[in-house]
Amino acid sequence: MTSLAQKLSGIVGDAFEAQGLDRAFGRVTVSDRADLAQFQCNGAMAASKAAKKNPREVAGGIVEILQKNTVFSKVEIAGPGFINLNVTDAFLAGHIQETGADDRAGVPDLGHNETVVLDYGGPNIAKAMHVGHLRAAIIGDAVRRIMKFAGYNTLGDVHMGDWGTHMGMLIYNYIARNETAVVENTDLSDQKSIDDLMEDMAERYPRSAAAAKEDKHLMELAQAATVKLQNKEEPYYSLWEKIRKVSVKGMEKNYTALGVHFDLWKGEADVHDYIAPMVDDLRAKNFAVESDGAWIVPVAQNDDKKEMPPLILYKRDGAVMYGTTDMATIVERVKLYNPAKMVYVVDQRQSLHFEQVFRAVRKGGIVRDDVELTHAGFGTMNGPDGKPFKTRAGGVMRLDDLITMAQERARARMDEAHVGEGMSADEKADIAHKVAIAAIKFADLQNARVADYVFDLDRLTSFEGKTGPYLLYQAVRIKSLLKKAEYDGKPPAFSLQDVDRPLALLLTELPDAVESALKNYAPHHLCEYAYRLAQGFSSFYGNCHILSETDVVLRNSRLALCALTNAQLELVLGLLGIQVPERM
RNA sequence: GCGCCCGUAGCUCAACUGGAUAGAGCACCUGCCUUCUAAGCAGGGGGUUACAGGUUCGAUUCCUGUCGGGCGCGCCA
């Protein structure tokens, strides 16, 4: 099954082929001009260029063929050679009937169970998660959900930063101050105890980092501690293990609150043992060479338009760089999962780094040529002043503070509208949470991935207009309506009138939206569709009164339209990582 | 200096491999809750798509240049 536009593309493509032209010219899209037609095909103009013919003449030949086809109620040429198309209500009704019966909502299997590993985490352990982690998590998780729905075997990896100098610095601080008990006494089964250590580290780390920056000797001691840790010396390693376990709990709490899922909770430390053999292999193949006392992989190519610095495997002092661990991570992923794709949802500013890593692993024969390596970069999050976002205190806003703030606003809105009355405290909290997360996620996801965007707290926690809560609200209205109507879910024959048609047409577009989002790693295409669908429903809802409809056939048809709308809305929101409450 | 990304309404953002009259939300103005949840609906004003050329039947989209903003360029991650 596919979208209606794709079905029509097949039919129009046949017509082009019958005229001796490439069937790709038959591509049909939803019309830009709803006042003129439902669908359009622009291929006649492109085809005429290739065939050196008059575009209206080419279009004429196509139209003549299409007019014989009974799925169309209108076929006409407009302007320089647009082919405008309307389908019959019977065909449209049949199509949405099929869509409703299909548990994939018409989306074909595009992934064929190929494995894809996705990176969209990357927080450092022992640090508080902040809003800088938001975009990767939200976009990456949406991409994962979309790919999974499209038929891929997806593996999201949190890939935390757990093996760098920051760990040596922190652990050295505990040891030097004789305060290792703070770590050792933390009870992993007690959330309060976990939170306490997280707070301690969140406060301790920046303090020790600042001190090390001031004092060269201190920095050397921290770096020495890092080496000891990486050699798994005691007590460094035990302290590190405990810190990592606690940090994972803290991260899980944040990601769970956001509704962001990871299949793998791996970190840089997990690939430590892959590094030495990998570098030995690269040396043996002469891809790794010594330069200025460091070991590097030159990745520059003759056709480079810019300077391409080499990837550094070992620094002069023998320590590894993050390019090294990224390469080793790829070694591990190939070995354990043999993925067809690896997708990195990471800040756009790291594009050079990923280019180096990708070139190095290809050159070194670590990944096959047919494995796709993609850096799906996203733009920087700026404050309203256009500069990277900072709170008034100068720091970055913590993730849990943002979520709490949004929840409080949701609760206030509920009280204002008197929707919480008679609900249990649990249900109220659940709704406030779903509304808050919907607001935050949709505000972020609706932006194009690559563009920088402004982090505006008011926008993230606003519930009116083009927002997540608006979408939830429409879905909730449908649920309430279906409940009141005691709708049984039996698929009736659709009876489409002028009020119904725009909504019915919208319901045919979902597979196109999913494919577009998938192909470009662009969840915002799905946001756009969800919003148009919700708007289409809201308009429909205002234009006809369903419960008082006396024509039984029409009433059932409209209820079925509502049910299908709700199903698609929940499906698309689910792909964006947004959950719909029962009422709000 | 070299390279990448960006510049669209007062603000925040869309526009699918070039298509018809460049769309939304917020803000502003006008209506609509005695029948399905007003977190809503209907309507209005608001644009030289930074600027100048070029390719094309057709350019926000592709090419060149200028201006403006962000970011990155071997031993941090």
Side-chain angles (χ1 to χ4, degrees), chain A residues 24 27 29-33 35-36 40 42 45-46 48-49 55 78-82 84 122 124 161 164-166 268 291-296 304-317 319 321-323 325 347-353 355-356 377 379-380 382 384 386-388 410 413-414 416-417 419 435 443 446-448 450-454 456 458-459 462-467 469-470 472-474 476-485 512-513 515-517 519-520 522 524-525 527-528 531-532 535 538-539 541-549 562 583-584:
Chain A
R27 181 165 184 262
T29 57
V30 172
S31 178
D32 296 330
R33 294 285 302 273
D35 54 323
L36 298 179
Q40 63 181 336
N42 304 335
M45 290 175 289
S48 69
K49 194 178 271 185
F82 295 101
N84 282 336
N124 285 337
T165 313
H166 71 286
E268 293 170 330
S291 164
D292 268 340
W295 281 87
I296 63 166
D304 280 338
K305 287 276 172 206
K306 59 185 171 193
E307 281 181 56
M308 177 60 65
L311 185 140
I312 296 177
L313 294 168
Y314 285 124
K315 298 193 289 178
R316 209 171 297 139
D317 68 2
M321 304 265 292
Y322 82 135
T325 50
D347 195 315
Q348 190 65 49
R349 286 177 290 190
Q350 308 228 9
S351 61
L352 180 62
H353 166 73
E355 204 172 344
Q356 291 176 304
T380 313
N382 293 324
K387 292 178 187 144
R413 181 67 190 84
M414 286 171 77
E416 222 175 279
V419 282
V435 168
Q446 68 174 302
N447 299 303
V450 290
D452 290 354
Y453 94 125
V454 174
D456 182 353
D458 287 337
R459 185 164 169 246
S462 104
F463 308 143
E464 278 153 33
K466 192 174 183 176
T467 63
Y470 171 88
L472 300 187
Y473 181 67
Q474 301 310 336
V476 163
R477 287 214 290 195
I478 299 174
K479 288 182 196 227
S480 164
L481 174 61
L482 293 176
K483 207 173 287 170
K484 280 203 173 122
D512 294 327
E515 278 190 49
S516 175
K519 203 170 59 187
N520 305 304
H524 81 281
H525 287 149
C527 290
E528 200 58 34
Y531 181 66
R532 286 197 299 124
Q535 238 182 357
S538 197
S539 189
Y541 184 83
N543 279 333
C544 59
H545 199 268
I546 297 165
L547 290 184
S548 62
E549 178 56 58
C562 289
R583 44 184 182 161
M584 64 186 274

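Order of the sequence lines sets the chain letters (A, B, ...), proteins ahead of strands, with each chain counted from 1.
A/Asn520 comes within contact range of no nucleotide atom at all, as no heavy-atom separation falls under 4.0 Å. Across all strands shown, A/Asn543 has no heavy atoms under 4.0 Å from either base or sugar-phosphate atoms. Within the nucleic acid shown, A/Met45 comes within 4.0 Å of at least one base atom, counting heavy atoms only. A/Leu472 comes within 4.0 angstrom of nothing in the nucleic acid, heavy atoms only. Contact annotation for A/Glu416: no contact, since no heavy-atom pair falls under 4.0 Å across all strands. Counting any heavy atom pair closer than 4.0 Å across all strands shown, A/Leu352 reaches sugar-phosphate atoms only and no base atom. A/Tyr453 comes within contact range of the sugar-phosphate backbone alone, with a heavy-atom separation under 4.0 Å but no base atom that close. At a threshold of 4.0 angstrom between heavy atoms, the contacts of A/Lys519 with the nucleic acid are absent. Within 4.0 Å (heavy atoms only), A/Gln356 reaches no atom of the nucleic acid at all.
The phosphate of B/rG40 (OP1 or OP2) has no side-chain N or O of A/Ser538 nearer than 4.0 angstrom. Note on A/Arg316: every side-chain N or O is 4.0 Å or more away from OP1 and OP2 of B/rC75. A sub-4.0 Å separation between OP1 or OP2 of B/rG72 and a side-chain N or O of A/Lys306 is absent. A/Tyr473 has a side-chain polar atom (N or O) that falls below the 4.0 Å cut-off from OP1 or OP2 of B/rA39. Side-chain N/O atoms of A/Ser539 include one lying less than 4.0 angstrom from OP1 or OP2 on B/rA42. Contact check, A/Gln446 against B/rU12: no side-chain N or O comes under 4.0 Å of OP1 or OP2. Taking side-chain N and O atoms only, A/Lys315 has a distance below 4.0 Å to OP1 or OP2 of B/rC76. Between A/Arg459 and B/rC13 there is no side-chain polar atom (N or O) within less than 4.0 angstrom of OP1 or OP2.
Which of B/rG19, B/rA24, B/rU12 sits closest to the side chain of A/Asn42 comes down to B/rG19. Side-chain atoms of A/Glu528 lie closest to B/rA14 of the nucleotides B/rU35, B/rA77, B/rA14. With B/rG40, B/rA24, B/rC13 as the candidates, the nucleotide lying closest to the side chain of A/Glu464 is B/rG40. Side-chain atoms of A/Ala78 lie closest to B/rA20 of the nucleotides B/rA20, B/rC36, B/rC6.
Remark: the separation of the C1' atoms in B/rU66 and B/rC57 is 30 Å, to the nearest Å. When the C1' atom is compared between B/rU49 and B/rA38, the two are found 35 Å apart, to the nearest whole Å. Comparing B/rU12 with B/rU8, their P atoms are spaced 8 Å from each other, to the whole Å.
For a distance-only test at 3.5 Å, the side chain of A/Asp347 fails to qualify as a donor-acceptor partner of the base of B/rA77.
Remark: P of B/rC73 and CE of A/Met321 are 10 Å apart, rounded to the nearest angstrom.
Each of A/Phe463 and A/Val30 was matched to the nucleotide of RNA chain B holding its nearest heavy atom; the match closer to the 5' end belongs to A/Val30. Along RNA chain B, the nucleotide nearest to A/Ser548 and the one nearest to A/Thr29 differ in position, and the one closer to the 5' end is contacted by A/Thr29.
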Give the C-alpha distance, both sets of side-chain angles, the deciding distance and a yes or no for side chain to side chain donor-acceptor pair (under 3.5 Å) between A/Arg532 and A/Gln535.
CA-CA 5 Å; A/Arg532 286 197 299 124; A/Gln535 238 182 357; over 6 Å; no

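Stacking is not found between A/Tyr470 and the pyrimidine-like six-membered ring of the B/rG40 base under the 5.5 Å centre-distance and 30° plane-angle cut-offs. By the 5.5 Å and 30° criteria, A/His525 is not stacked with the base of B/rC16.
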